[in-house]
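Owing to the predicted nature of the structure, the values given are computational and were not obtained by experimental measurement.
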Amino acid sequence: MKQVLLLILLLCCTLTGKASTEIVLESDSLIKVLETLPYDTTRLNVLNQIIRIEQNNQQCIQYSDALMKEALQLGNDKYAGLAAYYHILYYYNRNNQDSVAKWLTIMEPHARKSDLWNYFFDAKRFQIDLYTFNEQYELAINESQKMQQQASQMNSNRGSMAAYQCLSNAYIGSQRWDKGIEALEAAYQLLTPTENPVVRISVLSQLVSVVKEKKDNKKLLKYLQELENTLHNHISANPSLKAGFADVYLFNELFYSYYYLNTHQPQQAYEHLVKSKEYLDENTYFMYKVLYFDTLPGNWSLPTGIGLYRHDTDDVEERLHKRLCRTATRKGQNMETGRAKRKSHPPV
């Protein structure tokens, strides 16, 4: 189903966390600092910070152009590679495959010279996910396999995981569920005890979404609990990031609701649905808002504490798809231009 693929690809966009209001307000201060700096590495670093804050708008691409120009003048491959990466991110969010391909070609030699392979494979993943989103499934599969070979040659565990995630998306998009789950579980097996928590959250969230569709409740609970623990540990160690991960908390609570619905425990499902509301705000990605409101128990009945429900999760999926289509039509957009934007996060 197209809406399932949209949700899976959205996970890649939102699980990096969103910038807090305080960080956004920092942009003006950094711009003032930038105006006082000489053309050196410190200036490149400040430009990089501004781009991270201003990503996905016109200012982002303007500062990325400046970063590329100044990095090339200073012969700094690291920041030239990052500038190319931000261009790729910008054009990915506009579904511009030609520009993504162009900037990947520009980025690769800089990544090679400065060992920016995590960023490069992240950018390659953007390209392959665009193939999948545009239903070029066989191309996506072939490119995922090539990416896997390249990551293996570079001994990049992160690159291999990203390749398996891309492969999974392409298989699932083309209704080859068993192969899709197999590829995603291969990515899961590559997770190390010291893995970047954002990467772990990304893989686990995709697994949650997929096994829910297959109604594998045992695995759904397993991955939900792992996701919850990873998220708890990450935010406990970095409490200032909690607001930026509100969408992840919302996702986790909603899928706990699905689990309890699937296992005929509507009272527990309702409790998680109530909990999920705490993470809704004006910055919540559109599809998560749709998922929340379409999961509301308008036709649940919970008299005297006894959970009774007449709510089919397949109906939720169908309403989600219809709501997306109606909204895209109202905005004069197709599904491709109506999807949520990916935020960057430094691969570690």
Side-chain angles (χ1 to χ4, degrees), residues 1-16 55-56 60-61 84-108 120-151 159 161-177 179-181 183-184 187 202 205-206 209-210 213 285-288 290-291 317-318 320-344:
M1 291 181 289
K2 184 71 172 180
Q3 65 271 29
V4 176
L5 181 60
L6 281 167
L7 181 59
I8 292 171
L9 293 180
L10 177 61
L11 294 173
C12 307
C13 305
T14 62
L15 297 180
T16 56
Q55 57 187 295
N56 292 324
C60 164
I61 204 67
Y85 173 84
Y86 293 130
H87 280 84
I88 294 164
L89 177 66
Y90 179 86
Y91 289 115
Y92 165 85
N93 282 322
R94 285 148 184 83
N95 198 11
N96 189 329
Q97 290 178 291
D98 290 341
S99 292
V100 167
K102 168 190 168 182
W103 282 98
L104 263 173
T105 300
I106 294 171
M107 181 183 183
E108 184 165 9
F120 176 78
F121 287 122
D122 199 28
K124 186 67 178 175
R125 182 178 173 187
F126 298 169
Q127 182 184 46
I128 295 173
D129 281 347
L130 277 186
Y131 295 149
T132 296
F133 191 82
N134 290 298
E135 301 182 2
Q136 298 171 280
Y137 299 124
E138 298 309 316
L139 178 58
I141 290 168
N142 290 336
E143 289 299 313
S144 297
Q145 292 169 341
K146 290 179 183 178
M147 180 180 171
Q148 177 61 52
Q149 293 173 357
Q150 186 178 15
M161 276 191 287
Y164 279 127
Q165 286 179 278
C166 288
L167 191 60
S168 174
N169 291 339
Y171 280 136
I172 289 170
S174 55
Q175 299 297 303
R176 286 170 276 188
W177 285 89
K179 286 187 175 182
I181 293 173
L184 202 50
S202 174
S205 297
Q206 284 187 261
S209 184
V210 171
E213 290 303 314
Y285 279 114
F286 167 72
M287 281 189 62
Y288 286 152
V290 172
L291 197 61
E317 300 295 342
E318 184 62 26
L320 170 60
H321 181 58
K322 290 179 180 178
R323 181 81 66 85
L324 285 168
C325 291
R326 287 199 302 271
T327 301
T329 300
R330 286 198 300 268
K331 292 182 178 180
Q333 300 172 320
N334 58 25
M335 295 298 288
E336 283 73 11
T337 58
R339 63 196 167 82
K341 292 179 172 60
R342 181 188 291 261
K343 295 281 188 175
S344 75

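Listed by chain and number, the residues in a side chain to side chain contact (heavy atoms under 4.5 Å, CB included) with Gln148 are Ser160, Ala163, Tyr164 (sequence neighbours excluded). Lys102 is linked by a salt bridge (charged side-chain N to carboxylate O under 4.0 Å, His left out) to nothing, counting only residues two or more places apart in sequence or in another chain.
Under the 6.0 Å distance and 45° angle rule, Arg125 does not count as a cation-pi partner of Phe121.
Side-chain atoms of Ser209 never come within 3.5 Å of backbone atoms of Ser205 as a donor-acceptor pair (strictly under, hydrogens ignored). Judged by distance alone, the side chain of Tyr86 and the main-chain N or O of Cys60 form no donor-acceptor pair under 3.5 Å.
Nearest heavy atoms, Ala162 versus Met147: CB-CE, 3.5 Å. Scanning all heavy atoms of the two residues, the minimum distance from Ile172 to Gly180 falls at CG1-CA, 4.0 Å. Between Leu167 and Ser144, the shortest heavy-atom distance links the atoms N-OG, 3.4 Å. The shortest non-hydrogen separation linking Val100 to Tyr92 is CG2-N, 3.6 Å. What you find for Ala140 and Thr132 is that their closest heavy atoms are CB-OG1, 3.3 Å.
Of the listed residues (Ile128, Asp129, Asp122), just one forms a side-chain contact (heavy atoms from CB on, under 4.5 Å) with Phe126, and that residue is Asp122.
With no hydrogens or angles considered, a side-chain donor-acceptor pair links Gln165 and Ser202 at under 3.5 Å. No side-chain donor-acceptor contact under 3.5 Å links Glu143 and Gln127.
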> Does the pair Trp177 and Val210 meet the rule for a side chain to side chain contact (heavy atoms under 4.5 Å, CB included), with working shown?
Replying inline: CA-CA 8 Å; Trp177 285 89; Val210 171; 4.0 Å; yes

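Using bins of under 30°, 30° to 60° and over 60° for the plane-to-plane angle, the ring pair His87/Trp103 lands in the parallel bin.
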